[in-house]
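Here the structure is laid out as C-alpha cells; the discussion comes afterwards.
Keep in mind that what you see is a predicted model, and the values were worked out from it rather than measured. Just the heavy atoms: all of them, side chains too, but no hydrogens, waters or symmetry mates, feed the values below. Reminder, nothing fancy here: chain letters follow the sequence lines and each chain counts from 1.
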Protein chains: 2
Amino acid sequence: MDNPRKSPTMTDVARKAGVSPMTVSRAFKPGSLVNDATRARILAAAEELGYVLDSTASSLRSQKTDFVAVTIPSINNANFADTVGALNEGLKHRGLQILLGYTNYDMQEEERLIEQLLRRKPQAVVVTGGKHTPRCRRLLTNANVPVIETWDLPEAALNHVIGFSNAQAVQSMVDHFVAKGLTRIAFIGGDADRDTRGLDRRLGFVAAMQRHGLDATRLIAAGPPPISMREGADAMVHLLDTAPDTEAVICVSDLSAFGALSACQRRGIPVPGQISIAGFGNYEVGAICVPSITTIDPGPKEIGARAASLICKVLDNSTTEAICEHIQPRLLLRESSI
Amino acid sequence: MDNPRKSPTMTDVARKAGVSPMTVSRAFKPGSLVNDATRARILAAAEELGYVLDSTASSLRSQKTDFVAVTIPSINNANFADTVGALNEGLKHRGLQILLGYTNYDMQEEERLIEQLLRRKPQAVVVTGGKHTPRCRRLLTNANVPVIETWDLPEAALNHVIGFSNAQAVQSMVDHFVAKGLTRIAFIGGDADRDTRGLDRRLGFVAAMQRHGLDATRLIAAGPPPISMREGADAMVHLLDTAPDTEAVICVSDLSAFGALSACQRRGIPVPGQISIAGFGNYEVGAICVPSITTIDPGPKEIGARAASLICKVLDNSTTEAICEHIQPRLLLRESSI
DNA sequence: ATGAAAGCGCTAACAA
DNA sequence: TTGTTAGCGCTTTCAT
C-alpha cells in the first residue's frame with residue numbers, strides 16, 4: 001500500500017494507463033479528442049487509483065475557477081433561498097459552482113465577505129441590494145468580472161442590475177388600501193439603518209401616504225433585521241395598544257405579517273373585519289394560512305433565473321455592455337385585506 | 001494605463017514596494033513576522049494597485065484550500081438553513097469557506113455533487129443523512145478528509161456523526177399521544193423512496209403504533225419531497241375525507257403540520273378539540289401560529305455548531321478517531337395537541 | 001490523436 | 001526580518 005495521505009495525481013494515472021499526463025487531462029475534459037479506447041483505459045486507471053481531478057490546479061493554470069460568488073443578507077430567508085436556488089439551477093449545467101456568503105444585513109460585513117470571495121477569483125458576482133460601502137464598490141469594480149446587483153434598483157449601478165423598486169411596490173399596496181377607503185394605515189418594519197430594502201419599503205409607504213394626504217406616522221420599528229414572525233407579532237401587539245383605531249397594516253414581509261395576524265387572532269381581533277393586513281414577498285405561509293395574506297410577489301425565482309441567464313450570456317459573448325432588467329412585482333390580493 | 005484585463009500579482013506589488021514577493025506573501029498572512037513599516041508600505045502598494053490575493057494559487061502551493069464542502073437536501077428549508085448558518089458561524093473565524101450543494105433529496109444527485117465538490121479539495125465534508133450510494137461512500141472514504149454525517153444515525157458511519165434517530169423521535173411523539181388516550185392516529189409524510197429521514201420518521205410511527213397494538217395504516221403519502229405546507233394541507237383534506245374519525249395526526253415536519261392545521265381551519269374542524277396535530281422540526285411558524293403546533297426540536301443550530309467545533313478540533317489535532325455525537329431531540333408540547 | 005515543455009501565482013523550505 | 005529557489009498539479013502552446 002502507498003501512503004494514504006497523498007492523493008494520486010494525473011501523472012500517476014498517466015503512468016498506470018501508459019499515456020502522457022496531457023492525454024489524461026484531455027480524457028477528463030468532456031469535449032476533447034481522445035481515442036475512445038484510450039479514454040476508457042485512462043478512466044479505469046483513474047477509478048482504480050481513486051483519482052480525483054484537482055480543480056485548484058486546473059483553475060490556476062487555465063485561469064478559470066468556474067466559481068460564481070453570491071451574497072445574500074441571510075441564509076434563513078425563503079425569498080433569498082429561492083433566488084439562490086434558481087441561480088444554482090441555471091448555473092450548474094455549465095459547471096459553475098456558487099460560492100455563497102451571508103452579509104447579515106450589514107454593509108461592513110458585505111465588504112469583508114466580498115473581499116474574501118474575490119480572492120477565490122469568481123467569474124461573476126451576484127449581490128443582493130444596490131447599496132455598498134465605497135471600498136466594496138471599488139473592490140467589485142476592480143475585479144474585472146461581471147457583477148449583478150439584485151432585489152433593488154441602485155442609484156448608481158456597479159454593472160448589471162436585475163431588480164425592482166421596493167418603494168414603488170409598497171406604494172402600490174398603499175394605493176390599493178386607500179382605494180378601498182382605508183385611511184388609518186400603519187407600517188411594521190425593521191430599524192431603518194440596516195436592511196436597505198426594508199428601509200426603501202418604509203420610504204415608499206411614507207411617500208404614498210403623504211401623496212394621499214394621510215397620516216404617515218404609524219410606523220412600528222420592530223428591531224434590527226431579520227424581522228420575522230415573532231417580531232411581527234410583538235410589533236402588532238404594540239400597535240394595537242398604542243393605535244387601536246388602525247384599519248390596515250402593511251408589513252415589511254409576509255413573515256412579520258403572519259406574526260401580526262397571529263397576534264390579532266390571539267386578541268380576538270377579526271382580520272380583515274377590523275384590521276386589514278398585507279405583507280411582502282409571497283412566502284408560502286401567507287398563501288396557506290387562514291385568512292391568507294395579501295402580498296406583493298417580487299419573483300425571487302425569476303430574479304435568480306434571469307441572473308443565471310445573464311451570467312451565461314456574458315461569459316459567452318464577453319459582452320461589456322451593462323444590462324438593467326426590471327422585474328415587475330405583482331400585487332396578490334388575498335383574504336387578509338378588504 | 002495597463003491592460004485592465006490582467007490583474008496585478010504579488011510580483012507587481014513587490015516591485016512597487018521594493019521588496020521580494022515572499023515578503024509580500026508574509027505581509028498578507030496575519031500571524032507572520034514582517035516589519036511593521038514594511039508591511040504598511042506593502043499594503044499601501046497593494047491597495048493602490050488594486051491587488052487581491054489569489055487564493056487559487058495559494059491553495060495549490062500550500063495544499064490548503066480552506067474549503068468545507070456541505071450538502072443539504074434543499075436550500076429552501078429553515079432547518080437545514082439553520083444548520084448551515086451555525087456551521088458557517090463556527091467556521092468563518094478560522095477563514096474556512098463553505099462550499100454548499102443541494103441534493104434535492106436524491107442520492108444520485110448527492111453522488112454527482114460530492115464528486116464535483118471533492119475536486120475542489122475541501123478540508124472537511126459535512127453531509128446531511130446517513131444513506132449514500134456505494135460510489136459516493138467510496139469517494140468520501142478515499143478523499144482522506146474528515147467527513148461528518150448529520151441529521152441521522154447511520155447504520156455504518158463513514159467517519160464522524162452528529163445526529164439523532166428520526167424514528168425514535170417520532171416514537172416518543174406517538175407515546176405521548178397514546179398516553180393522552182388517543183388511539184386513532186395518522187401520519188402524513190412524503191413518498192417513501194426519497195427522503196430517508198422522512199422515511200425513518202414514518203417507520204418510527206409504524207413501529208410505535210404496532211408496539212401499542214394500534215392500527216398503523218393511517219399513512220398519507222403526500223408526494224415526493226420536499227413536503228411543505230401545500231402538501232400538508234392537501235394530505236389533511238384527503239385524510240378528513242377518508243378517515244374522518246382520526247383523533248391525531250403526526251406530520252413529517254411543522255410545515256406540513258401547519259398546512260394540515262390550515263386545512264382543518266378551513267373546514268371548521270377544531271384543533272385540538274376534534275383532532276390533535278403534531279409536527280417535526282420546531283420551525284418558527286409552529287411556535288407563532290394559533291393554535292401553536294406541538295413538535296420535536298432536533299436542534300438544527302446545535303448540529304451545525306457542533307459540526308463546526310468538530311471540524312476545527314480535527315483540523316488542529318488531526319485526530320483520526322471517529323466521533324459519534326448524539327443530539328437529544330426535545331418534545332415541545334403546544335396548543336395543537338391535547 | 002498524442003506528447004514535451006513551460007508556467008499559472010503563490011508559499012514551503014532553506015539560507016542569510 | 002528578508003530573500004532565493006523550487007515546485008504544488010494542472011493545462012496552454014506548440015510539435016509530431
Side-chain angles (χ1 to χ4, degrees), chain A residues 3 5-43 45-46 49-67 95 118-123 143-144, chain B residues 3 5-43 45-46 49-67 95 118-123 143-144:
Chain A
N3 184 351
R5 303 252 142 238
K6 180 74 180 163
S7 320
T9 70
M10 265 189 185
T11 309
D12 298 323
V13 177
R15 186 164 31 232
K16 181 144 192 148
V19 294
S20 76
M22 194 57 236
T23 303
V24 177
S25 174
R26 291 190 181 104
F28 273 92
K29 189 160 188 173
S32 36
L33 344 294
V34 186
N35 184 293
D36 282 354
T38 311
R39 169 171 270 146
R41 194 152 36 90
I42 290 169
L43 294 181
L49 289 172
Y51 171 74
V52 175
L53 182 71
D54 187 332
S55 300
T56 306
S58 148
S59 295
L60 176 60
R61 178 63 247 230
S62 65
Q63 298 292 78
K64 277 182 62 228
T65 59
D66 288 344
F67 278 134
L118 287 178
R119 292 183 170 189
R120 302 287 184 178
K121 304 295 172 182
Q123 296 182 223
N144 271 314
Chain B
N3 183 351
R5 303 254 141 236
K6 181 73 179 165
S7 325
T9 70
M10 265 189 185
T11 309
D12 298 323
V13 177
R15 187 164 29 232
K16 181 146 193 148
V19 293
S20 76
M22 193 60 235
T23 305
V24 177
S25 174
R26 291 189 181 107
F28 273 92
K29 190 161 185 172
S32 44
L33 345 292
V34 185
N35 183 294
D36 282 353
T38 311
R39 168 172 271 145
R41 193 152 36 90
I42 291 170
L43 294 181
L49 288 172
Y51 171 75
V52 175
L53 182 71
D54 187 333
S55 299
T56 305
S58 154
S59 295
L60 176 60
R61 175 64 247 230
S62 65
Q63 298 291 79
K64 277 182 61 227
T65 58
D66 288 343
F67 277 134
L118 287 178
R119 292 185 170 189
R120 303 286 185 178
K121 304 294 172 183
Q123 296 181 224
N144 271 314

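The residue among N35(A) and K29(B) whose nearest nucleotide of DNA chain C lies closer to the 5′ end is N35(A).
Between dC10(D), dT2(C), dT2(D), one nucleotide has an atom nearer to the side chain of T38(A) than all others, and that is dT2(C). When the nucleotides dT12(D), dA12(C), dT2(C) are ranked by their closest atom to the side chain of R61(A), dT12(D) comes out on top.
Using a distance-only test at 3.5 Å, with no hydrogens or angles considered, a donor-acceptor pair links the side chain of R41(A) to the main chain of A17(A).
Taken to the nearest 0.5 Å, the CG atom of D66(B) stands 5.0 Å off from the CD atom of Q123(B). One finds the CZ atom of R120(A) at 10.5 Å from the CG atom of D54(B) (value rounded to the nearest 0.5 Å). We find the NZ-OG1 distance between K64(A) and T56(B) to be 13.0 Å, quoted to the nearest 0.5 Å.
An OP1 or OP2 oxygen of dG9(D) is reached within less than 4.0 angstrom by a side-chain nitrogen or oxygen of Q63(B). When the side-chain nitrogen and oxygen atoms of S25(B) are compared with OP1 and OP2 of dC10(C), none of them lie within a distance under 4.0 Å. Put simply, K6(B) has a side-chain N or O that comes within less than 4.0 Å of OP1 or OP2 on dG9(C).
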Please tabulate, for side-chain N and O atoms in residues 21-30 of chain B, each donor-acceptor pair with protein atoms closer than 3.5 Å (sequence neighbours left out).
unit_1: T23(B); atom_1: OG1; unit_2: S20(B); atom_2: OG; d: 3.3

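Of the residues in residues 9-20 of chain B, V19(B), S20(B) come within less than 4.0 Å of DNA chain D through at least one heavy atom, sorted by number.
Shown here are the side-chain hydrogen bond (donor to acceptor under 3.5 Å, both in side chains) partners of K121(B), two or more places apart in sequence or in another chain: there are none.
As rounded to whole Å, 17 Å separates atom P of dC14(C) from atom CG of L33(B).
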